[in-house]
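Just so you know, these numbers come straight off a predicted model, no measurement behind them. What you see below is based on every heavy atom in this structure, not just the backbone, and it leaves out hydrogens, waters and symmetry mates. Below, read A as the first sequence line, B as the second, and so on, with proteins coming before strands; counting in each chain starts at 1.
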Amino acid sequence: MLSLAKRVIQQIIGDKRTLALIIFAPLLLLTLLYFLLGNTTYTPTIAIKENALSPAFVSQLKSEDVKIVDISSSNENANDYLKNHKDVDAVLEVSKLTGANITMFESSVKSGKAMEVIQTAIQNTAKNIIPIAKVNINYVYGNTNDSTFSSLGFVFLGILSFFFVFIISGMALVRERSSGTLERLLMTPIRRRQVILGYSVGYSVFAVIQAILIVLYCIYVLKIHCEGNALWVILVMVLMAISAVVFGAMISIFSHSEFQVVQFIPIVLVPQIFFSGLIPLDTIPYYLGNLCYITPVYYGCTAIKRVMVEGGGFCDIWMFIVALLAYTFILCVLNTLALKKYRKL
Amino acid sequence: MEIKVEKVCKSFDKKPVIHDLTFTIDSGEIVCLLGPSGSGKTTTIRLLIGAIAADSGTICFGDIIVPNIKLLNKIGFMPQNDALYDDLSGEDNLKFFAGLYGIKKDKSEKRISEVLKLVELTNDRKKYVRNYSGGMKKRLSLAAALIHEPDVLLLDEPTSGIDPVLRRTIWDQFKNLKNQGTTIIVSTHVMDEVSECDKAALIYNGILIHFDDIQQLFAKAENGKVEELFLKAAKEQEEGAAIC
Ligand SMILES: Nc1ncnc2c1ncn2[C@@H]1O[C@H](COP(=O)(O)OP(=O)(O)OP(=O)(O)O)[C@@H](O)[C@H]1O
Ligand SMILES: [Mg+2]
């Protein structure tokens, strides 16, 4: 068994590209996501008809972080104006009949910002007149200043690590099968469970390194806020990566070529992303949300969330750890049984 | 160790590939499985080692029934495709197989040097297998089959793609091994190699048409050529089909 694990490690170290794919690709992607989803400092542009609005509100609006264009002289309607002026994010009109009307070009991050600014301005103006209208928004976990990345970062942490390990272990086993080396190595007195164990150990070494690197990178370089103890996050990530190794091995048993492993990606990996916490599960109809219990990413990501966002400790995540361990164990047993196809003993 | 094959049949996807195979190989013999492409040589070897299970019939090595995991310790297997790890060096490939047989480290080092010398790869031991030539891969694959000093060797076309000079030395090695008591079963479709063996099993379309000492076989063939026996078998099978 050890000689098998040793060989897997030797092969990966010899293959620089695979090594880079396991270790650095997730870091690169996380950095990219960080910039894509991080806090933007965008200043929206809003068009108003100044003379139609109350002076108090206009001065309040101008004091916000926003660019104001006065379109009192224009007689275009709001839709046409936005179509002709792509640099304007929103048009704010007030009429006696319909109240405040905000028109935006399309729903996007930019128009969201514009909306936010207008709302704050309305609130702040009202606050000076009637104090009751002041609204405070509080979150149990996290705060309003959290970017999308810091509040959903834990999901990507889990998915990315799972994804890369899954592909690499699945591919390697299928290659072994198609090159005939699997049959050959099964014609030696090695036990089937030793084969599966040897593989899992070999790949897990890299999976563990990767998991640790990702967590440290996220916390210390990308500065994702981690409420609880980072060691628990690392533990969960490591377990999830190991489950990805055996999951990949499982898939490779049902495929005859590397291409077929790729075909499994949409069927197997995409649902895992759905159930990882990006979408609230209790809003899914027909109890489809319960499908989450068959995806290892669900256990991993929920546990990471408990620690990173809610500051939980071992008591809050032990059931997820047990679930991941059980998942890995069951897949190992199934893989061992599946090898029977190659050797009855 | 005597190898006894009794009434073995095997079909793939309901298509019969091996029909009613029965023969016995004595300890320390070199036997060649001879037959045209697709006749069932590889299938026979895989049945012998237990990589695939027979539909009916039994295969015994001594008094051990195949498949048996302890038996695998005594068998050296060389598949028809090279089945080596391209991304490891020749030496590391052998180290890996030695590890699978549980050979201790100091002993395996010595053994690896021995088999590498045998197949004349000592100078290329550190090279990656992906940079080996076809014949070099074949030789390394042979070395891997010899690594644990097996009592029985099952070799699927060990000499195809190897030049006549090296082929000669390899056959000499086989004879050395035979003198040490190793039983060797070799598949080939090169008729000339028959004369190197003690016995030959002629397989045609999954049917064992002849199994005999080679002197006997040469005597049976009209002009002393083994091809004759295949041509005759082809004719007979055709006639048989016509009658049906
Ligand atoms: N796994 C398999 N599934 C289906 N058919 C198979 C399988 N393996 C072998 N066969 C069929 O069995 C027959 C015998 O194949 P085998 O590989 O034993 O031939 P061979 O004598 O080794 O030929 P060659 O000299 O070309 O290697 C062929 O018709 C082949 O198509
Ligand atoms: Mg063959």
For the side chain of B:Lys41 and the backbone of B:Gly35, is there at least one donor-acceptor N/O pair under 3.5 Å apart? yes

Begin with the C-alpha distance, continue with both residues' side-chain angles, and end with the deciding distance and a verdict on salt bridge (charged side-chain N to carboxylate O under 4.0 Å, His left out) for B:Glu114 and B:Lys117. CA-CA 5 Å; B:Glu114 267 172 37; B:Lys117 202 164 144 231; over 6 Å; no

Proximity breakdown for B:Leu71 and chain A, heavy-atom pairs closer than 4.5 Å: neither

So do the side chains of B:Ile30 and B:Glu196 get within less than 4.5 Å of each other, counting heavy atoms only? no

Do any N or O atoms from the side chain of B:Asp151 and from the backbone of B:Lys74 form a donor-acceptor pair under 3.5 angstrom? no

A:Thr31 side chain to A:Leu27 backbone, donor-acceptor under 3.5 Å: yes

Turns out that what part of B:Asp82 lies under 4.5 Å from chain A's heavy atoms comes down to backbone

Whether the side chain of B:Thr183 engages the backbone of B:Val152 through a donor-acceptor N/O pair (distance < 3.5 Å, no angle test) should be reported. no

Residues in residues 239-275 of chain A near chain B [non-hydrogen atoms, under 4.5 Å]: none

B:Lys178 NZ/CZ over B:Phe174 ring centroid, <6.0 Å and within 45° of normal: no

Check the orientation of A:Tyr298 and A:Phe320. Use parallel for under 30°, tilted for 30 to 60°, and perpendicular for over 60°. perpendicular

Decide yes or no for A:Phe164 and A:Leu29: does some side-chain heavy atom of the first lie under 4.5 Å from some side-chain heavy atom of the second? yes

Okay, B:Leu88 and chain A: the region with an atom under 4.5 Å from a heavy atom over there is side chain

Residues of residues 182-196 of chain A with a heavy atom under 4.5 Å from any heavy atom of chain B, in residue-number order, are A:Glu183, A:Arg184, A:Leu185, A:Leu186, A:Met187, A:Thr188, A:Pro189, A:Ile190, A:Arg191

Partner of B:Tyr85 by side-chain hydrogen bond (donor to acceptor under 3.5 Å, both in side chains), out of A:Gln10, A:Arg175, A:Gln11, A:Arg7: A:Arg7

Give the member of B:Ala83, B:Gly99, B:Ala144, B:Gly50 that has the highest number of heavy-atom pairs under 4.5 Å with chain A. B:Ala83

Select one option (side chain, backbone, both, neither) describing which atoms of B:Asn81 are under 4.5 Å from chain A's heavy atoms. side chain

Side chain, backbone, both or neither: which part of B:Ser89 has an atom under 4.5 Å from a heavy atom of chain A? neither

Among B:Pro79, B:Gly76, B:Ala53, which has the most heavy-atom pairs under 4.5 Å with chain A? B:Pro79

B:Lys138 with B:Glu157: basic N within carboxylate O range, under 4.0 Å: no

Do you know which of B:Leu84, B:Ile75, B:Asp92, B:Asn68 has the most heavy-atom pairs with chain A at a distance under 4.5 angstrom? B:Asp92

Does any non-hydrogen side-chain atom of B:Ile185 lie less than 4.5 Å from one of B:Leu33? yes

Is A:Met237 close to A:Gln210 at the side-chain level, that is, under 4.5 Å between some pair of heavy atoms? no

Any side-chain to backbone donor/acceptor pair from B:Tyr128 onto B:Asp86? Under 3.5 Å, distance only. no

Go through the atoms of B:Ala98 and report whether side chain, backbone, both or neither lie under 4.5 Å from a heavy atom of chain A. neither

